[in-house]
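What follows is a short report on a single structure.
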Amino acid sequence: MSSTDNNHNPSPQVSSFGRSMYRLRQEQVHSLEENHRSGTRDSELESFQKQVTDRFEDLFRASDDELLSIEWIQKLLNAFICCHEEFRAILLNNKEQLSNSPLDRSMTEFFERLVKALDICNASSNGIEKVRAWLKHLEIVLCALSSNQRALSEGHVLRARKALMDLAVAMLDEKDCSSVFPQRNRSFGRNNTNNKDHRRHFTALSRSHSWSVSRSWSAAKQLHSIASNLIPPRGSEIVATNGLAIPVYTMNYVLLFVLWTLVAAVPCQDRGLNIQMSVPRQFSWGVPVTSLHDRIKKRERRSSNGLLKEINKVESCVRNMTDLVDSVQFPVSDEQKMEVEERVKELSVVCGALRDGLDPLERQVREVFRKIMTCRAEGLDYTS
């Protein structure tokens, strides 16, 4: 063999060394890519936890007067939408892992909760529509009792009484309709026949309402179902999922709290707030969430239509106005006229708040509905 041949045919040792160096470079590149992906994922997960914590701490800082107002509920729903969007981004960036055990089970449970959440969004939207119907009765009372430089006549008072009676019926569940009329009969001077006709009318109106959930559906039972088996991930699950079990648990809990608050705030079919919320201390968002839960639960009242601040104002104004129109005597004294004007001003403020707030609130509930629908559709694609 010539020296020239030796130059063109590297020894086996040299060739093996070259392949080893090539594999080493590949492994180094692969390791760098893995480290980069791992660093990016850790940064995403930390950012998500921080956003949830910051938003709920901000919500918790609301004063007692601000808490559960329409404006505060909108802020809560906006916090949910923002957290939800960041969570969706995490799912998208890690979709190849969502079908792996044990994350696949957690994701399946999450998507099942989303389906149940849609029912609560529908029930909340219908509850807002119910409050909008109350507003129409309140506006009749305002129209009847607003002086506008005219004398307050018996006809005006009778019209206001009828609107208040209609509103009292509308604010009751159908199962309670029979109990309101004997109680109000003394105040409104109605005979029993008219009361029965009136009750039948409102029962029919209630039945004709286009609910998107069945008559047997229960908001309380739905919340209990969503809260069922919602437990923090174990250390082994966190390691096995590269930390992804943490945002899944976090988003589950945020979903539960937001839905629970909606049911607490607005009229919902078979409302119930008896849900315990306890979050391990290692979750920074747990303190503001559970503290808010405690603050809201303390406001629950028996037979309440909802804890929304504006609903409480409506209930208070209706009681005061009903007592007032029942006590009016003709001719109306100056003192009573001043009291009517004062009550009308209070009622006008409440009506203004409802007019301005109900439409944006309903749009935001629908936006939450759409976000949940989109997330579920995307998630099923990832895990199928």
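Below, all heavy atoms of this structure are taken into account, side chains as well, without hydrogens, waters or symmetry copies.
Q74 has its side chain out of reach of L77: every pair of non-hydrogen atoms, C-beta onward, lies at least 4.5 Å apart. Annotation: side chain of F56 is in contact with side chain of L76 (closest heavy-atom distance under 4.5 Å). Residues L91 and M107 have side chains in contact (heavy-atom distance under 4.5 Å, counting atoms from C-beta outward). Taking 4.5 Å as the limit, every side-chain heavy atom of L152 sits out of range of all side-chain heavy atoms of K337. At a threshold of 4.5 Å between non-hydrogen side-chain atoms, the residues C375 and L114 count as touching. Two residues are said to be in side-chain contact when any heavy atoms from C-beta on lie closer than 4.5 Å; L138 and V318 meet this criterion. Side-chain contact check for P233 versus V248: every heavy-atom pair is 4.5 Å or farther apart. Annotation: side chain of V314 is in contact with side chain of M171 (closest heavy-atom distance under 4.5 Å).
No salt bridge links R319 with D323; every basic N to acidic carboxylate O contact stays at or beyond 4.0 Å. Ion pair E300/K297 not flagged as a salt bridge, since none of the NZ, NE, NH1 or NH2 atoms sits closer than 4.0 Å to an Asp/Glu carboxylate oxygen. For the pair K313 and E310, the salt-bridge criterion is not met [side-chain N within less than 4.0 Å of a carboxylate O]. E85 has a carboxylate O that lies under 4.0 Å from a charged side-chain N of K371, or vice versa, which qualifies the two as a salt bridge. In this structure, K309 does not pair ionically with E66, as no charged nitrogen and carboxylate oxygen lie closer than 4.0 Å. With respect to E139 and K136, no salt bridge is recorded, no charged nitrogen being found less than 4.0 Å from a carboxylate O. Between D294 and K298, no side-chain nitrogen of the basic residue sits less than 4.0 Å from a carboxylate oxygen of the acidic one, so the salt-bridge criterion is not met. A salt bridge links R370 with E367: at least one charged nitrogen is closer than 4.0 Å to a carboxylate oxygen. In summary, D58 and R61 engage in a salt bridge, as defined by a charged side-chain N under 4.0 Å from a carboxylate O.
More than 12 heavy-atom neighbours from other residues, nucleotides or ligands sit within 6.0 angstrom of CZ on R301. Residue R234 places its CZ atom among 12 or fewer non-hydrogen atoms of other residues, nucleotides or ligands, all under 6.0 Å distant. Under a cut-off of 6.0 angstrom, the local environment of CE in M373 is sparse, with at most 12 non-hydrogen atoms contributed by other residues, nucleotides or ligands. Other residues, nucleotides and ligands contribute only 12 or fewer heavy atoms inside 6.0 Å of the CZ atom of R366. Around the CD atom of E71, the shell of radius 6.0 Å holds no more than 12 heavy atoms that belong to other residues, nucleotides or ligands. Environment of CD in Q282: crowded, with over 12 heavy atoms of neighbouring residues, nucleotides or ligands closer than 6.0 Å. Residue-environment remark: CG (D334) stays at or below the threshold of 12 foreign heavy atoms within 6.0 Å. A 6.0 Å sphere centred on CD of Q329 holds no more than 12 heavy atoms belonging to other residues, nucleotides or ligands.
Between F48 and F87, the ring-plane angle classifies as tilted under the 30° and 60° cut-offs. Using cut-offs of 30° and 60° on the angle between ring planes, the pair Y249 and W285 is tilted.
Nearest approach of F60 to R295, heavy atoms of both residues: O-NH1, 2.7 Å.
To the nearest 0.5 Å, atom CD of residue E112 and atom OG of residue S228 are 10.5 Å apart. Distance check: C121 SG to Q364 CD gives 11.5 Å after rounding to the nearest 0.5 Å.
If you check the side chains of E86 and S47, you find a donor sitting under 3.5 Å from an acceptor. No hydrogens or angles considered: nothing links the side chains of N229 and E109 as a donor-acceptor pair under 3.5 Å. A donor atom on one side chain and an acceptor atom on the other are not found under 3.5 Å apart for T290 and H293. A donor atom on one side chain and an acceptor atom on the other are not found under 3.5 Å apart for R271 and N305.
Remark: side-chain polar atoms of R343 are not paired, donor with acceptor, to backbone N or O of L324 under 3.5 angstrom. Within the 3.5 Å criterion, the main-chain N or O of L59 finds a donor-acceptor partner in the side chain of W72.
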